[in-house]
Amino acid sequence: MSDVSLQARRRRTFAIISHPDAGKTTLTEKLLLFGGAIQMAGSVKGRKAARHATSDWMALEQERGISVTSSVMQFPYGDCIVNLLDTPGHADFGEDTYRVLTAVDSALMVIDVAKGVEERTIKLMEVCRLRDTPIMTFINKLDREGREPIELLDEVESVLGIQCAPVTWPIGMGKRLKGVVHLITGEVHLYEPGRNFTRQDSTIFPSLDAPGLAERIGESMLADLRDELELVQGASHPFDLDEYLAGRQTPVFFGSGINNFGVQLLLDFFIEHAPAPQPRATTTRIVDPAEPRLTGFVFKIQANMDPKHRDRVAFMRVCSGRFEPGIKTLHVRSGKEMKLANALTFLASDRELAVEAWPGDVIGIHNHGTIAIGDSFSEGEPLTFTGIPNFAPELFRRARLKDPLKLKQLQKGLTQLSEEGATQFFRPLMSNDLILGAVGTLQFDVAAYRLKDEYGVEAVFEPVSVATARWVYCQDAKKLEEFREKNAMNLALDAADQLVYLAPTRVNLQLAQERAPAVAFRATRETA
Ligand code: G4P
């Protein structure tokens, strides 16, 4: 087997999806801890705080108590290399999250035992479904009183439309929490807050019949548990690897992230069963991860991550081959050769210069505005990866300068912020307005803050009569020109110079569509 194939098989690249407050940050931290990537719990949150301290615009993030940035964390576990792609938690930053989900091979869904399936989880699940992403489920906060486990599984099945296969099952909950049973191995893991860092540090009974267990959890609880398990096994589905990999079944674990409880059982199962990097579609062919030549695509761009560097970093997911510093690649969209010299990898501790990267890994490429979200890179062959969407924004504002002489800086700032993908920038064909589109109102505050902080421009965002935007496509150049002339008042160019129809009302959009049947109006732009 080739090196590339071997390295690809070792990779597990995934993201955690959850509703805010379900415990994603805590679980991330515990996973890193089990992976040996960090020494002490508290450092993920600590790291967040340190970033706030060094970066002014993130003070806004701190004020709002939400996470604006996503990061990539790599850690070894057993024979595997795990890449955890963090997703921002706040609903306003949905697009960024969606695109992160295009770069993973599987996802982990965290659900709060008391709250069950929440609104944001439903949305994220819809995105996973688009690509049939395999999903494991962790039901968290078992140390608190919550809903009946059976009821929660029912809710996941009916609301999220995915079959549940419980792999562990809780013994009690809240104050009565005694542990979990592993339904496949039969082992019983007792709950001991603050412990459970290793198997040696945990109390594990090989089965429900093991001597001593009844004394530990009580005769009557054990009897109840046996009854319950009979019911569960009759009513639920056994774990089926193929169904999981096809995205139709989710293995379910119970635990308490903050108490390290149930986390290692989840991680061990994840390493064993979660998919390694999968083949990926391009506009011309499917690319297999084991192919020797490097390919990848950019799913995220972040400006000024570190004020010391003042850089913009493009996050590229490696799809095949091997990255090494200085490798010459084709930047497919521009057709130009690009030497990737100082790429970064994202170790949990800090960013470091990448020595090598393999399929499933993410590297950070320094960028001065030439790279856009969705761009593909390859070692020669012009391959364009598909499926990285740009969503139509739902809110629009016109940027107004306090100092009109700063127009150039404003344009530069808006263009660069749009490259990150959280906002989109439109220039109408017939006016000098600069219009910013976003999926959430908070993004306008972030944009204003960052324009001032990073570009020295004071701008306000005021209402503008745009209800929705559609990217316009037409095969027939003549018909497109005709459409352009007739509708110039409502047309604009986005940051990548693509034609966009800015509709003042939904009715107007409908009429425009009816009048131009040859023109396609798309709510997403595939950044190809
Ligand atoms: P998020 O990233 O999904 O938003 O969630 P996060 O991990 O920040 O957790 C949200 C809150 O839930 C935190 O409390 C966290 O301590 C708590 N939590 C996480 N896992 C568990 C668990 O297993 N059991 C219990 N009881 N609580 C848990 P907080 O008070 O908001 O923050 P903090 O003061 O602990 O930092």
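In listed order, ligands and their atoms are each counted from 1.
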- Message: I'd like to know whether D112 forms a salt bridge (charged side-chain N to carboxylate O under 4.0 Å, His left out) with K24, so could you lay out the CA-CA distance, the side-chain angles of the two residues, the decisive distance to 0.1 Å, and finally the verdict.
- Response: CA-CA 10 Å; D112 183 322; K24 189 181 68 169; over 6 Å; no

- Task: Test salt bridge (charged side-chain N to carboxylate O under 4.0 Å, His left out) on R216 and E192 and set out the steps.
- Result: CA-CA 12 Å; R216 284 298 291 267; E192 293 160 307; 3.6 Å; yes

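Between Y191 and F261, the angle of the ring planes goes over 60°, which puts this pair in the perpendicular group of the 30/60° scheme. Ring orientation note: the planes of H182 and F269 are tilted relative to one another, at an angle of 30° to 60°.
For F270 and F14, the ring centers are positioned less than 6.0 Å apart.
Taking only nitrogen or oxygen atoms, main chain and side chain alike, L27 does not reach within less than 3.5 Å of ligand 1. In terms of polar-atom proximity, G257 is counted as a contact of ligand 1, with an N or O under 3.5 Å from an N or O of the ligand. Remark: ligand 1 and T26 share an N or O pair separated by less than 3.5 Å (distance only, no angle test).
Contact annotation: for N140 versus ligand 1, heavy atoms closer than 4.0 Å belong to the side chain alone. Under 4.0 angstrom from ligand 1, the non-hydrogen atoms of S256 come from both its backbone and its side chain. Contacts between R144 and ligand 1 below 4.0 angstrom, taking non-hydrogen atoms only, involve the side chain exclusively. When heavy-atom distances to ligand 1 are checked against a 4.0 Å cut-off, D143 comes that close only through its side chain, counted from C-beta outward.
With 3.5 Å as the limit, one finds a donor-acceptor pair spanning the side chains of Q249 and Q163.
Judged by the shortest distance from any of its heavy atoms, N259 lies outside the 4.0 Å radius around the atoms of ligand 1.
Note that CG of L130 is 11.0 Å distant from CE of M125, once rounded to the nearest 0.5 Å.
Listed by atom number, the atoms of ligand 1 under 4.0 Å from K24 heavy atoms are 1 (P), 2 (O), 3 (O), 5 (O), 7 (O).
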